[in-house]
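Only one structure is covered here, and it is reproduced in the block below.
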2 protein chains.
Amino acid sequence: MPVTPDVDIISDGSAGASVIGIHAKFGAAETFYAKDEEIYRTGEPADRIYEVIQGAVRSYKVLSDRRRQIFSFHLPNDVFGLEYGPNYRFTSEAVVDTAVRVIRRHSLEHVATTDVRVARDLLNMTANNLRRADDHMLLLGRKLALEKVAAFLLEMDKRLAQTGMIALPMHRRDIADYLGLTLETVSRALS
Amino acid sequence: MPVTPDVDIISDGSAGASVIGIHAKFGAAETFYAKDEEIYRTGEPADRIYEVIQGAVRSYKVLSDRRRQIFSFHLPNDVFGLEYGPNYRFTSEAVVDTAVRVIRRHSLEHVATTDVRVARDLLNMTANNLRRADDHMLLLGRKLALEKVAAFLLEMDKRLAQTGMIALPMHRRDIADYLGLTLETVSRALS
DNA sequence: CGCCACCTTGACTCAGGTCAACTATTGTGG
DNA sequence: CCACAATAGTTGACCTGAGTCAAGGTGGCG
């Protein structure tokens, strides 16, 4: 007879806990990116990790013939650019004028080996990313255009509310590439 | 000027390292499931973790109207059922007659707090799952039916070869629900 | 003011879904 | 060992949700 596990390795879901937050006191730098400016590119050595302070960021891959899939939008307090291999797997760009906090990966890894909470945070964030990836696979594989757009609006409403934003920061083309649709279909669904 | 990071928290990709393997000496149990038998169900307390010994397993979610998305097929040596929240997020079933190794989650978590290698393994596996989820999002969102089936055959060829299997263990319906297609489209693409 | 980037809307096309028949292949009982 | 069900796969004809192509609209900024 299954029982609810008594111990969790990670402190699931408590949105506040962030590796960068813990690490901030070590003097992470702030940087600004203009609208549409590239932050890093697929294949580049992944030696930095970012936290959005203000604005929005998109992470995506493109196929050879320009088809693009956006994997996620990063809003204020979101961490992105966290990799476990040597290189960035995505390209990330500022959707609007954006401020980020940057820390060096090796310095974070150094802290992670001594501070258990940081290591736990890393696992926690990766697990959260996996959860969102799974939900998004269900959306991409099995939902209709209208359901996709509805799900997107609900997701954004929830996330933007937390950061005090009011309007969607991204364009129709970005939404389309996030939902596996075309910009025209997104426009029609919103009408 | 970016430099390749000198230290990796995880030992990326070395397929052999498995949490269960390390834990096996503590006396994990083997269990057998018949073709199509359910191993666990969405929402059930996630108190066990599994490793496939022989056979194949599918993990999926279904929408209210029976639309199904398969997130992954687990083949021999794959670990599945690893959760960080209290409940299983998927349903998992044996695709064919299947043997698995089972360990209790709380016992693994106990080991993880004392053995750093186990904790590292957990992060490693989760990162690998995330990588595969991202690749699959690109496939689901932006690839044509033929490209999806081609990608599936390449993936399976590679993975089955490692385990010495020859034929695809799963049905057209499973392949379709993995690729976001219908069974007829899969059948046509294979011809 | 007028350009330019973004968005909307319409008409048409098409990739993939749906529905339906038919063909293996496998398993079961007599 | 053969009937015959049952399950899985293939193939065809048709349909439709979303893509494509194209024409306007609209709002912000130099």
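Keep in mind that what you see is a predicted model, and the values were worked out from it rather than measured. Letters A, B, ... are given to chains in the order of the sequence lines, protein chains preceding strands, and every chain is numbered from 1.
Looking at heavy-atom distances under 4.0 Å, A:R188 makes contact with a base. Residue A:L190 is classed as having no contact, given no heavy-atom separation below 4.0 Å to the nucleic acid.
Between the NZ atom of A:K35 and the P atom of D:dG28 there is a distance of 14 Å, given to the nearest Å. B:M170 has its CE atom 18 Å from the C1' atom of D:dT7, to the nearest Å. In this structure, CG of A:L183 is placed 16 Å from P of D:dA18, rounded to the nearest angstrom. If you measure from atom NE2 of A:H171 to atom P of D:dG27, you get 15 Å, rounded to the nearest angstrom. Per the geometry, NZ belonging to A:K143 stands 19 Å off P belonging to D:dG17, to the nearest Å. The interatomic distance linking A:R67 (CZ) with D:dA18 (C1') rounds to 15 Å, in whole Å. Note: CG (A:L181) to C1' (D:dG19) measures 10 Å, nearest angstrom. Atom CZ in B:R142 sits about 13 Å away from atom P in D:dA18, given to the nearest Å.
The base of D:dC21 sits within donor-acceptor range of the side chain of A:E184, with an N or O pair under 3.5 Å.
Regarding contacts with the backbone of C:dT8, every side-chain N or O of A:S191 stays at 4.0 angstrom or more from both OP1 and OP2. The side chain of B:R172 places an N or O atom within less than 4.0 Å of a non-bridging phosphate oxygen (OP1 or OP2) of D:dT10. Between A:T182 and the phosphate of D:dG19, there is a side-chain N or O to OP1/OP2 separation shorter than 4.0 Å.
Within 6.0 Å of CD in B:Q54 there are 12 or fewer heavy atoms belonging to other residues, nucleotides or ligands. Counting non-hydrogen atoms of neighbouring residues, nucleotides and ligands closer than 6.0 angstrom, the CD1 atom of B:I166 reaches no more than 12 such neighbours.
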Quiz item: Where do A:D174 and A:R68 land on the salt bridge (Lys or Arg N to Asp or Glu O under 4.0 Å) test, with the steps shown first?
Solution: CA-CA 9 Å; A:D174 288 331; A:R68 182 178 68 154; 2.9 Å; yes
Quiz item: What do the steps show when you test A:M156 against A:M165 for side chain to side chain contact (heavy atoms under 4.5 Å, CB included), and what is the final call?
Solution: CA-CA 10 Å; A:M156 283 302 145; A:M165 286 172 142; over 6 Å; no
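The side chain of B:T185 lies closest to C:dG17, out of D:dG17, C:dG17, D:dG19. Proximity note for B:A145 (side chain, C-beta onward) versus C:dG16, D:dT20, C:dC6: the nearest is C:dG16.
Shown are B:Y88, B:F90, B:Y60, B:Y33; of these, the ring pair (Phe, Tyr, Trp, His ring centres under 6.0 Å) with B:Y40 is made only by B:Y88.
Nearest-nucleotide positions on DNA chain D for A:L144 and B:V186 put B:V186 closer to the 5' end.
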